[in-house]
Amino acid sequence: DNCVYYWRVKASDGSSESYWSYGSFRVNTRNDNPLVPVVKNPGQNAWINTLSPALELHPGKDLDDDQLTYQIELYSDRKLRNLISQVESSSPVWSLPVELEDTTWYFWRARVIDEHGVSSDWTDTHRFFVRRVNQPPEITILEPQADIYTNEASVTIRWEDEDTDSNATIALYYNTQPVTENGTLIADGIGENPDGEADTYTWNIENLAEGKYYIYAVISDEFSSVKALAPGSITIDRTPPEVTAEPAGGGYYESVTVTLSSNEEADIYYTLDGNDPTPESEKFTGTGIEITEDTTLKFIGIDLAGNQTEVYSEVYTITHNRPPNQPSTPTPEDTSTGVSVHLNLSWQGSDPDPGDTVLYDLYLGTQSNPETKIAENLTSSSYEITTLEYSTQYWWKVVAKDNHGASTEGPVWSFSTFSAGGDSDGDGLTNEEEINLGTDPFKTDTDADGFSDREEVEWGSDPTNPNSVP
């Protein structure tokens, strides 16, 4: 009984044979009970970490190859008196339709029923223990998402949280460093939002000192805690910026380019028409402001926290520069003759603008239009020269320059030097001898000691020293 038999047959005419033909049949004289199913999962004394487990059997066996139905029962007691749930299904796997209690023992058994309603024996009763493995809660701070600056009395902290297996609580902290340790408590005992929507908390910062702060959250359930640092910081700033103009207001002899700057990041707005600026006024972008006429520059600064300065004012008076006056009154006088080859050229110069600095360039040559510059940027209106030639006519001129780049060229003057062999003072020494001795060729007694330069030379005394006499 309950066996399968196989047979075959072929035909033969004495000279040849056909191929074999195969067949089989099963002997089943009566219906047998299905075999007891084998428990697959959870096994005896197993621990499971979910409140909604699946109970699973190995596929059942039946000697008659009947279609089988699985009957599974779940109890809360070992004597199988308190039935929690049961099922009859063609599948050997049953996902429980109820949520079980945590930290609790459960008991289950199963059997199979064939298509004729004949069942197997029940399996041994298996028990399992429900001990859920905690899933740590999660929290993400959404605001501040970026660094913010504020002078308000409060800021809003916003986050998303989730704790799938318990009711977690949230604490908020602030710190002066971007770390999630040793912070100062803002608020605690905030319940997890059960609908999964974002949570918010309005933080009163009215009495908090100015500075930069970092926010972090701690979400905790009975098993674990998780921390999260806000992506952005909060800078409390209640002090307006300091804005300055460079150069400052004052009197100028030419146009000025003014730059506005702040001691912290700020937007600067300005006017040039005398009206007080507002955030709708012209914004300073870093390009200098050209001041070409008398102007009152007014400006304000607004920092990232919204603190606004008072109205600053700088007054610029532009007096257009005038060039220096033309050099005049030359020494020696124009067209002078008999001039020494050791000579101190001098002139008069000035500037019509008070406070201007005047420098002089000196040109000298033996042509009527002197182009050789023998000295430049002279601060005084005189220049000593000792390299002139005897019996030579010279032309000279002076160019006056002020400190604003304006210049005025003076007229061309001339003079002629005396001859080497002449005696301009009639003391018996030639001009050349006097130049070599260092005496004045235009004075008979250079040191005014009562002896002529020639007498002192003849007697061996020094004609330039009044204490040296013959």
What side-chain donor-acceptor pairs closer than 3.5 Å can you find for residues 267-277, not counting sequence neighbours?
residue	atom	partner	partner atom	Å
D267	OD1	K283	NZ	3.3
T271	OG1	N275	O	2.4
D273	OD1	N275	N	3.0
D273	OD2	N275	ND2	3.2
D276	OD1	K298	NZ	3.2

Sequence neighbours left out, cut at 3.5 Å: what donor-acceptor pairs do the side chains of residues 81-91 make with other protein atoms?
residue	atom	partner	partner atom	Å
N82	ND2	S76	OG	2.6
S89	OG	S91	N	3.0
S91	OG	V93	N	3.1
S91	OG	V93	O	3.3

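R109 is linked by a salt bridge (charged side-chain N to carboxylate O under 4.0 Å, His left out) to E73, counting only residues two or more places apart in sequence or in another chain. By the salt bridge (charged side-chain N to carboxylate O under 4.0 Å, His left out) test, K212 is found to be paired with no residue, residues two or more places apart in sequence or in another chain being considered. Listed by chain and number, the residues in a salt bridge (charged side-chain N to carboxylate O under 4.0 Å, His left out) with D77 amount to none (sequence neighbours excluded). Every salt bridge (charged side-chain N to carboxylate O under 4.0 Å, His left out) that K227 has, sequence neighbours left out, goes to E181.
Counting only residues at least two apart or on different chains, the side-chain hydrogen bond (donor to acceptor under 3.5 Å, both in side chains) pairs with a member in residues 245-260 are T257-E290. Annotation: side-chain hydrogen bond (donor to acceptor under 3.5 Å, both in side chains) contacts involving residues 308-327, sequence neighbours excluded, comprise N321-D402, R322-D353, N325-S350. Contacts classified as salt bridge (Lys or Arg N to Asp or Glu O under 4.0 Å) and involving residues 355-365 (residues at least two apart or in different chains) are given here: D361-K373, D361-K401. Counting only residues at least two apart or in different chains, ring-ring contact (aromatic ring centres under 6.0 Å, His included) contacts with residues 75-97 are absent. Residue pairs meeting the salt bridge (Lys or Arg N to Asp or Glu O under 4.0 Å) criterion with at least one member in residues 113-122, sequence neighbours excluded, do not occur. Applying the salt bridge (Lys or Arg N to Asp or Glu O under 4.0 Å) definition to pairs two or more places apart or across chains, those involving residues 38-63 are K40-E56.
In the displayed structure, Q44 atom CD is contacted under 6.0 Å by more than 12 heavy atoms of other residues, nucleotides or ligands.
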